[in-house]
Amino acid sequence: MDPLDARTRVFATFDPESLGTPGILTPLQERSEVDIWDGEGPPPAAELRKRASGADGLLCLLTDRIDASLIEGCPRLRVISSMSVGVDHIDLVAAGRRGILVGNTPGVLVETTADLTLALMLAAARRIPEADRFVREGRWTPERPWAPDMLLGVDLHGATLGLVGLGAIGQAVARRALGFGMRVVGWTRSGRPVPGVDSVSLEQLLQEADFVSVHVALTNETQGLLGPDEIAAMKPGAILVNTARGGIVDEPALAAALTSGHLKAAALDVFASEPLQADSPLLATPNLVLAPHVGSASVRTRQRMARLAVDNLAAGLDGRPLVHSVG
Ligand code: GLV
């Protein structure tokens, strides 16, 4: 028997040790052959298919499309471990049919993502990117010095924040918003009460909230949840923030609402299609703060995510329960 066949095989679409975490792969490498993609960016689809085809375990990122046909082409695959909380890039039904375990990395990124949400709320409300450009472009001059009406924004304190989704990240945002003196209302399908948050219908939330922040996973049910009707139903002058998944918010409807002035501003960290195309109308939309999907991007959190993704994979390949499994 080929000695390689006696060992489990792993294909990793990224190097988890590259995040300043040397040695985190060692326990896995002691039991498995670990093949690591070291090209720039994610592996192209054909390369992913080829390198994963003989693997028992797959360590991947949200940029890897793990669809039914890829799964079919991996007859030995037993565990998929993604270094992400979202798993909308994985065909969970196809994985489930084959009894493949799927792991993700919730929990460790909650506070970091909530921090970014507040940063984006403040950036949009207080026009921080615009203020930065104003100074850099030399528009702050002795002829136009401090002025009572310069770059006026809106306050968080005293405003109502509407949270669409009250999972761990939504709750972490609520804690921060309460500290900023906001009233917090929230909608969640389960209707589960959350301390400090008034539970409301989605309709009521959209009518009342000065800020709306999205915190649901992208599923068939939440795709387009904030569509043209919902955006039209938002309070005039409201601000929308999305750090969840782009597909939840209808981008053309949002762009139209910003252009018409129905919404005061918005901030997006996530997009229906990523990376955002150079010709995306969003780039020309006024009062829109953009970020390149960096919700969990702090050094410590990315290290914890990498470690958890490796632990999930090792557990699954050993036949132990995953630290965090999906479904
Ligand atoms: C980030 O979006 C993640 O799903 O971890």
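Predicted model, so just to flag it, every value in this text is computed and none were measured. Counting starts at 1 for both ligands and their atoms, following the listed order.
- Using a 4.0 Å cut-off to heavy atoms of His293, the atoms of ligand 1 that qualify are 1 (C), 2 (O).
- Residue contact check: Gly86 has heavy atoms under 4.0 Å from atoms 3 (C), 4 (O) of ligand 1.
- Nearest protein neighbour of atom 3 (C) of ligand 1, counting heavy atoms only, is Val85 N, 3.4 Å.
- An N or O contact shorter than 3.5 Å links Arg245 to ligand 1 by distance.
- Below 3.5 Å of separation, one finds no N or O of Ser84 facing any N or O of ligand 1.
- Thr243 and Thr117 share a side-chain donor-acceptor pair at under 3.5 Å.
- Donor-acceptor pairing under 3.5 Å is lacking for the side chains of Thr105 and His324.
- Atom OG1 of Thr26 and atom CD of Glu17 lie 5.5 Å apart (nearest 0.5 Å).
- Contacts of Leu62 with ligand 1, taken as heavy-atom pairs under 4.0 Å, involve the side chain alone.
- Ligand 1 has no nitrogen or oxygen under 3.5 angstrom from a nitrogen or oxygen of Met305.
- Contacts of Met83 with ligand 1, taken as heavy-atom pairs under 4.0 Å, are absent altogether.
- The closest donor-acceptor contact from the side chain of His262 to the backbone of Met234 lies under 3.5 Å.
- Of all the heavy atoms of Leu109, the ones lying under 4.0 Å from any atom of ligand 1 belong exclusively to the side chain.
- Using a distance-only test at 3.5 Å, with no hydrogens or angles considered, a donor-acceptor pair links the side chain of Asn242 to the main chain of Ala244.
- Thr21 and Arg307 form no side-chain donor-acceptor contact under 3.5 Å, judged by distance and modelled atom types alone.
- Looking at Arg183 and Glu208, a side-chain N of the basic residue comes within less than 4.0 Å of a carboxylate O on the acidic one, giving a salt bridge.
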